[in-house]
> 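Could you have a look at this structure, given as structure tokens, before my questions?
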Amino acid sequence: MLQKADISDRNMTAVQDCVVEGFIAAKDASKLNNMTVLIYEGMLVQVLRKKVSAEKASLHTMEYIEYIVSSMQIKKSDPICICKQDQQS
């Protein structure tokens, strides 16, 4: 996946895995890929313009992608978990 230069191609590799595993319908793969790439790019622009922190953009990005994926999901799996590293000393 990381060997591909284009973000859309790299992302499609992950989307295709979801199709193969039966979580997403093949007819939705391109749509899911396009939407997630637009979210990545939009959030990156917001970070570069210093309108949002990288941490906040990351959290928003995952929230939006989880929402999109769940709306297209045909086979249920364990929910995606976004956890901060435990900061206890």
> State whether the side chain of T61 and the backbone N or O of A57 hold a donor-acceptor pair below 3.5 Å, judged by distance alone.
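Yes, because the side chain of T61 sits within donor-acceptor range (under 3.5 Å) of the backbone of A57.
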> Rounded to the nearest 0.5 Å, what's the gap from OG1 on T36 to CE on M12? Could you check?
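Here the rounded value is 9.0 Å.
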> Can you give me the closest heavy-atom contact between V19 and A29, atom names plus distance?
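In terms of heavy atoms, the two residues are closest at CG2-CB, 3.9 Å.
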> Should M62 and L44 be counted in the same cluster of Ile, Leu, Val, Met, Phe, Trp and Tyr side chains packed under 4.5 Å apart?
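No, no single cluster joins them.
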> Using the rule that two of Ile, Leu, Val, Met, Phe, Trp, Tyr join whenever any of their side-chain heavy atoms come within less than 4.5 Å, decide whether I7 and V15 are in one cluster.
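Yes, one cluster joins them.
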> Just verifying a value: how many Å separate K27 NZ and L32 CG, rounded to the nearest 0.5 Å?
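So the NZ of K27 and the CG of L32 are separated by 11.5 Å.
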> Say you draw a straight line from CD1 of I74 to SG of C18; how long is it, rounded to the nearest 0.5 Å?
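Atom-to-atom, I74:CD1 and C18:SG are 10.5 Å apart.
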> Measuring only between side-chain heavy atoms, which start at C-beta, is I68 closer than 4.5 Å to I39?
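A side-chain contact exists here, since the closest heavy-atom pair is under 4.5 Å.
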> What distance separates D28 CG from M35 CE, expressed to the nearest 0.5 Å?
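D28 CG to M35 CE: 7.5 Å, rounded to 0.5 Å.
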> Per the side chain to side chain contact (heavy atoms under 4.5 Å, CB included) rule, which among H60, E41, K51 passes with Q46?
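With Q46 as partner, H60, E41, K51 yield a single side chain to side chain contact (heavy atoms under 4.5 Å, CB included), made by K51.
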> Quick one, V47 with V52, criterion side-chain contact (heavy atoms from CB on, under 4.5 Å). Give me CA distance, side-chain angles, the key distance, then yes/no.
CA-CA 5 Å; V47 170; V52 67; 4.0 Å; yes
> For the pair Y40 and I65, evaluate side-chain contact (heavy atoms from CB on, under 4.5 Å) and give the outcome as yes or no after the intermediate values.
CA-CA 9 Å; Y40 298 147; I65 291 173; 3.3 Å; yes
